[in-house]
Amino acid sequence: MFLPKALRLAPALLLAAGLTAQPVAAAITDAPKPAQASKIKVETFASGLEAPWGMQFLPDGRILVTERDGRMRLVSKDGKVSDPIAGVPAVAAEGQGGLLDVLLAPDFADSATIYFSYGEPRDGGKNGTSVARAKLVLDGQGGHLEDVKVVFRQQPAADSGHHFGSRLVWAPDGTLFITTGERNSLRQQAQNPANDIGKVIRINPDGTVPDDNPKLPGWAPEVWSIGHRNMQGAALRPETGQLYTVEHGPRGGDELNRPEKGKNYGWPVITYGIDYSGVPIGEGIKEKEGLEQPVYYWVPSIATSGLAFYTGDLFPDWKGNAFVGGLAGAVVERLVFDGDEVVAAEPFDMGKRIRDVRQGPDGALWLLADDTGEILRVTAAG
């Protein structure tokens, strides 16, 4: 319920009006492990990749993989890595930037269209997150891109090698969600709804803006939600069709969020983390009226990257659970839900930096390890 500012600031007036203050919903962390531990087997399916970032399963069983330095490759059904796909545009492969996520168009089987995000070089030595679409032409063991067209450019550009965000997710209505980072150097701009810094973006497949975007006063028309740090995982929850994201906190405070239309997720005003120097960030508080709380958070950070909801049959007990990759944590963490709340968490120690998490067509959980350049396949142990 929206309350006028005078009522929000004066509890006595609330009581006099017969109203009660609405408490900020408590965020959840450090959930207990499930009563029954999962038994898994992890095998290396492919190796020899360099800093892999995103992957998609093609209808023919091959895997399309991006490498941060600017290469896109195919991985065959027996794990062989192809030569680079030609036609990828130049990328700003500096720091955390480069060629990042990749997504098949819903009609890929007919159109061969893919979408990919990347750090794009801009004027004056700056860069920014951009999203392009292209036709993937397959020829034998490799392929090339045709008709490359940029459909989104994050504005403003920054002189930074940090916090590009860049996950891509199709909404149920066919619009495209794009996550962006606040570039670190532009941290405060995450609270400015007039730009694309630290935002969830929602566009049509051709780059135009949907009529039903928030478009609140002062908001850029493509902006869906604001107040994000660096979202490197995003997925739809099958039961609800809602978008969920994971974003990196600073020193502590990684978050799982459910970004909703027109809402503010707080960064850098509120956070469960602190700066790397040890000093508080923003107002040095964890909650504030008008700012959304995470669904779940991590202290210490696991450096969240990659998010998938499990719907397969290989692990019946996992259906509806979320899986989050951890870079610094070198884990994949299973999150068990009861309604909208996380009630259990089960970390699996991978010993490798997990960049992306996907469910494969075989029902297995597939992972990208960016430090070892591997694709890992997780199945049930016998």
Side-chain angles (χ1 to χ4, degrees), residues 2 24-25 27 101 103 117 128-129 131 151-156 163-184 186-204 207-237 240-249 253-273 281-282 286-297 304-305 307 309 322 324 340:
F2 173 79
V24 176
D101 207 12
L103 183 67
S117 59
T129 298
V131 177
V151 296
F152 168 75
R153 282 190 170 96
Q154 182 189 40
Q155 299 292 350
H163 301 184
F164 289 80
S166 290
R167 288 296 176 190
L168 307 175
V169 177
W170 291 114
D173 62 1
T175 56
L176 179 64
F177 285 119
I178 303 165
T179 70
T180 72
E182 37 75 293
R183 309 309 315 282
N184 193 36
L186 299 178
R187 173 186 292 180
Q188 300 302 324
Q189 292 301 312
Q191 286 294 313
N192 181 355
N195 62 40
D196 304 320
I197 303 299
K199 309 297 193 296
V200 173
I201 303 297
R202 179 173 175 257
I203 61 173
N204 292 315
T208 58
V209 175
D211 292 337
D212 57 347
N213 267 13
K215 300 180 183 177
L216 298 172
W219 283 47
E222 68 275 11
V223 171
W224 178 258
S225 63
I226 73 173
H228 301 281
R229 185 171 184 263
N230 188 26
M231 296 168 284
Q232 291 190 338
L236 294 185
R237 187 176 177 191
T240 64
Q242 290 178 298
L243 176 70
Y244 281 68
T245 61
V246 289
E247 66 184 80
H248 293 276
D254 293 352
E255 295 181 357
L256 172 72
N257 284 303
R258 185 175 59 248
E260 296 181 356
K261 180 179 180 178
K263 293 191 176 181
N264 185 340
Y265 289 81
W267 177 260
V269 179
I270 62 173
T271 175
Y272 284 88
I281 291 173
K286 297 179 175 64
E287 59 184 51
K288 186 175 183 179
E289 186 178 358
L291 304 181
E292 302 301 314
Q293 285 287 296
V295 175
Y296 192 79
Y297 68 95
T304 52
S305 184
L307 172 65
F309 284 91
V324 179
D340 290 335

[X] (side chain) donor-acceptor with [Y] (main chain) under 3.5 angstrom:
X      : Y      : value
Asn257 : Pro259 : no
Thr179 : Ser166 : yes
Tyr265 : Arg258 : yes
Gln154 : Asp196 : yes
Gln293 : Lys286 : yes

Within a strict 4.5 Å, meaning less than it, do heavy atoms of the [X] and [Y] side chains meet?
X      : Y      : value
Leu186 : Pro156 : yes
Lys261 : Ser225 : no
Thr180 : Asn230 : no
Glu222 : Val209 : yes
Tyr244 : Leu236 : no
Trp224 : Lys263 : no
Asn213 : Pro221 : no
Val246 : Asp254 : no

| task | Using a cut-off of 6.0 Å, state whether more than 12 heavy atoms not belonging to Lys215 lie near its atom NZ. | result |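 Atom NZ in Lys215 is packed in, count exceeds 12.
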
| Asp211 atom CG, neighbour heavy-atom count above 12 within 6.0 Å | no

| request: Identify which one of His163, Arg167, Glu247, His248 satisfies the side chain to side chain donor-acceptor pair (under 3.5 Å) criterion when paired with Gln232. | output: His248

| said: Salt bridge check, Asp173 against Arg202: does any charged N sit closer than 4.0 Å to a carboxylate O? | reply: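 Answer for the salt bridge query: yes.
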
| field | Between Asn264 and Glu292, a side-chain donor and acceptor under 3.5 Å | value |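 Note: Asn264 and Glu292 side chains miss the donor-acceptor criterion.
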
| query | What distance do Gln189 atom CD and Asn195 atom CG have between them, rounded to the nearest 0.5 Å? | reply |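 With rounding to 0.5 Å, CD (Gln189) is 5.0 Å from CG (Asn195).
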
| Hey, what do you get for CD1 (Ile197) to CG (Asn184), rounding to the nearest 0.5 Å? |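 It is 11.5 Å, given to the nearest 0.5 Å.
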
| field | Ile178 and its side chain to side chain contact (heavy atoms under 4.5 Å, CB included) partner, picked from Leu168, Asp101, Val169 | value |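 It is Leu168, the one option of Leu168, Asp101, Val169 that forms the side chain to side chain contact (heavy atoms under 4.5 Å, CB included) with Ile178.
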
What pair of heavy atoms forms the shortest contact from [X] to [Y], and how long is it?
X      : Y      : value
Glu182 : Trp267 : OE2-NE1, 2.8 Å
Gly128 : Arg183 : CA-NH1, 3.7 Å
Trp170 : Leu103 : NE1-CD2, 3.2 Å
Ala322 : Phe309 : CB-CE2, 3.6 Å

